[in-house]
K.L.:
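The structure under discussion is supplied below as structure tokens; questions concerning it will follow.
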Amino acid sequence: MVRTGRRELDTMRVLALVPGGIDNQILFFPTIKRLHDIIPKAEINVVVEPQAKDAYQLSKLVKEVIPYSFQTRNSPADWANLLGIIRDREFDVAITLSQSWSIGLMLWLSGVPTRIGYAGGANSLFLTRTLPLKRDQYLADQYHDLLAGLDVPGGCPEVSLNVAQSDIAWADKARTQAGLGEQGYVLFYTGPATPFSSSKEPDSYPTEGWAGILKDFQARQPDLPLVLIQTSETFDTIAALNQTVPNLKTLQPETIGQFAALIAGANLFLSTDSYPLYLAVALKVFSLGLFGANHPDRNLPPAQGADTRFLGVVSSTGKVADIPPVTVLKKIWNEA
């Protein structure tokens, strides 16, 4: 039975503070699932960046999503407002992925009896239990390590999503209207990679690079449809590609659930290192990601035996834009 600072509980109110974007939230889903599996009646709430809250449309295990900006300097009113929310909810457990002084102090003042996080920073002063931060492992495993603070047994589950039936129906209709047959399709997300830190500009793969990859696909697999995902981030790139590469199809999801449903139907998904890649991983779709500042060893699950379902191409310069298209194509076609 899981222990907290108050007593042994069959149910508990848990707060998780998870900085980062949608990709970080998706990689935190296995930790939520393990906690729910051990304590099915647990009430799980999360504090996330405002721009990341949509990730929880794909999880049925979280009761409330509380927006809070970790990356910017919050006003005293914002900080005090979150402190008030945490106090009012009377959580039994708080799990934080942050090592910041302000978050540690907030949790200490909140009165939450069991406060768990990584060792280092202010956490040693303000938390009741800290765990080693092992940066050399898969990020989902790193997050899951924090459950050792509750003596939760077992390894980290695979990342998984709950896609609503309405989103699946939308994707089926969109594919039919686009004339996609039963043979499947290759799906591309041409938006920018997730920046390594909030101080850096997004790293985009050049249009001519995508054009070279798309044309190679058409030459080798002329009957396999190539589909581009239209978002506000990809609008200009797709407009340029449609002028240089013939017979491309474009689909425009309006929600993250619709995006996930489109990915689920793909034979192969190609993307920069951005949140759609992690949707594909969670959906077990064969995927190839272009990595710049981040590394696939940290962000993609370890290969299981001969299973190479998820592949990463790493830039030698730390910038996605510098990956030659020929390097991507060799990885796709398994050429030396």
Side-chain angles (χ1 to χ4, degrees), residues 13-36 42-75 77-89 91 93-98 100 102-103 106-107 110 112 117 139-140 143-144 146 159-167 170 189 191-195 197-198 202 229 231-234 252-263 271 273-283 299:
R13 295 170 64 84
V14 180
L15 179 69
L17 296 95
V18 189
I22 289 176
D23 48 347
N24 296 94
Q25 310 307 317
I26 293 170
L27 291 171
F28 190 69
F29 281 8
T31 300
I32 295 172
K33 184 178 187 304
R34 175 63 68 191
L35 188 58
H36 181 267
E43 180 187 299
I44 303 171
N45 304 261
V46 293
V47 177
V48 305
E49 297 280 356
Q51 65 270 25
K53 61 183 177 62
D54 286 351
Y56 290 90
Q57 295 176 22
L58 300 171
S59 174
K60 296 181 179 179
L61 304 180
V62 170
K63 179 180 180 182
E64 182 181 10
V65 180
I66 304 167
Y68 181 79
S69 180
F70 294 89
Q71 297 295 330
T72 59
R73 180 174 294 180
N74 289 284
S75 70
D78 291 333
W79 188 89
N81 182 59
L82 180 56
L83 173 59
I85 290 173
I86 297 174
R87 281 178 168 172
D88 290 344
R89 301 294 196 276
F91 293 106
V93 176
I95 300 172
T96 177
L97 275 61
S98 172
S100 78
S102 64
I103 294 297
M106 179 189 297
L107 293 178
S110 70
V112 177
L139 200 55
Y143 294 161
H144 188 268
L146 290 176
V159 183
S160 61
L161 308 176
N162 293 115
V163 183
Q165 189 60 45
S166 59
D167 291 326
W170 177 90
Y189 174 73
T194 302
S197 71
S198 60
I229 290 291
T231 68
S232 59
E233 293 85 4
T234 66
Q252 186 172 356
E254 296 180 356
T255 68
I256 191 172
Q258 293 177 357
F259 203 154
L262 288 177
I263 292 173
S271 173
D273 172 31
S274 50
Y275 82 85
L277 178 63
Y278 302 95
L279 295 177
V281 169
L283 293 164
N299 291 53

K.L.:
Do any side-chain atoms of residues 55-62 form donor-acceptor pairs under 3.5 angstrom with protein atoms, and if so which ones, sequence neighbours left out?
P.N.:
unit_1: Tyr56; atom_1: OH; unit_2: Gln25; atom_2: OE1; d: 2.7
unit_1: Gln57; atom_1: NE2; unit_2: Asp54; atom_2: OD1; d: 3.4
unit_1: Ser59; atom_1: OG; unit_2: Leu61; atom_2: N; d: 3.3

K.L.:
If you look at every heavy atom in Ala94 and Leu107, which pair is closest and at what distance?
P.N.:
CB-CD2, 3.9 Å
K.L.:
Shortest non-hydrogen contact from Asp273 to Leu277?
P.N.:
CA-CD2, 4.3 Å
K.L.:
Could you report the tightest heavy-atom contact between Ser271 and Pro276, atom names first, then the distance?
P.N.:
OG-CB, 4.4 Å
K.L.:
Could you tell me if the side chain of Leu283 sits less than 4.5 Å from the side chain of Val163, heavy atoms only?
P.N.:
yes
K.L.:
Over all heavy atoms of both residues, which pair between Pro19 and Asn24 is shortest? Give the atoms and the distance, please.
P.N.:
O-CB, 3.7 Å
K.L.:
Hey, could you give me the CG/CD1 distance between Leu15 and Ile86, rounded to the nearest 0.5 Å?
P.N.:
5.0 Å
K.L.:
Do Leu279 and Ile256 have side chains that get closer than 4.5 Å, going by heavy atoms?
P.N.:
yes
K.L.:
Does a side-chain N-to-carboxylate-O contact under 4.0 Å join Arg89 and Glu64?
P.N.:
yes
K.L.:
Working to the nearest 0.5 angstrom, can you tell me the gap between Leu27 CG and His144 NE2?
P.N.:
13.5 Å
K.L.:
Kindly indicate, with the supporting measurements, whether the criterion side-chain contact (heavy atoms from CB on, under 4.5 Å) is fulfilled by Asp23 and Ser274.
P.N.:
CA-CA 7 Å; Asp23 48 347; Ser274 50; over 6 Å; no
K.L.:
If I take atom OG from residue Ser102 and atom CG from residue Leu83, how far apart are they, to the nearest 0.5 angstrom?
P.N.:
11.5 Å
K.L.:
Would you compute the distance between atom CD of Gln252 and atom OG1 of Thr231 and round it to the nearest 0.5 angstrom?
P.N.:
8.5 Å
K.L.:
Judged by atom type as modelled, is there a donor-acceptor pair below 3.5 Å linking the side chain of Asp88 to the main-chain atoms of Ile85?
P.N.:
no
K.L.:
Any side-chain heavy-atom pair from Pro67 and Glu49 closer than 4.5 angstrom?
P.N.:
no
K.L.:
With Arg34, which residues qualify under salt bridge (Lys or Arg N to Asp or Glu O under 4.0 Å), at least two apart?
P.N.:
none
K.L.:
Identify, with sequence neighbours excluded, every residue that meets side chain to side chain contact (heavy atoms under 4.5 Å, CB included) alongside Ala164.
P.N.:
Ser166, Asp167
K.L.:
Kindly determine whether Asn299 and Tyr278 satisfy side-chain hydrogen bond (donor to acceptor under 3.5 Å, both in side chains), including the steps that lead there.
P.N.:
CA-CA 8 Å; Asn299 291 53; Tyr278 302 95; 2.9 Å; yes
K.L.:
Would you please classify the geometry between the Tyr189 ring and the Tyr275 ring as parallel, tilted or perpendicular, with 30° and 60° separating the classes?
P.N.:
tilted
K.L.:
If you take all heavy atoms of Leu17 and Phe70, which pair is closest and at what distance?
P.N.:
CB-CZ, 4.1 Å
K.L.:
Run the numbers on Tyr68 and Asn81 for side-chain contact (heavy atoms from CB on, under 4.5 Å), then give the verdict.
P.N.:
CA-CA 10 Å; Tyr68 181 79; Asn81 182 59; over 6 Å; no
K.L.:
Heavy-atom distance under 4.5 Å between the side chains of Thr96 and Val47, does that happen here?
P.N.:
no
K.L.:
If you look at every heavy atom in Ala140 and Pro30, which pair is closest and at what distance?
P.N.:
CB-CG, 4.4 Å
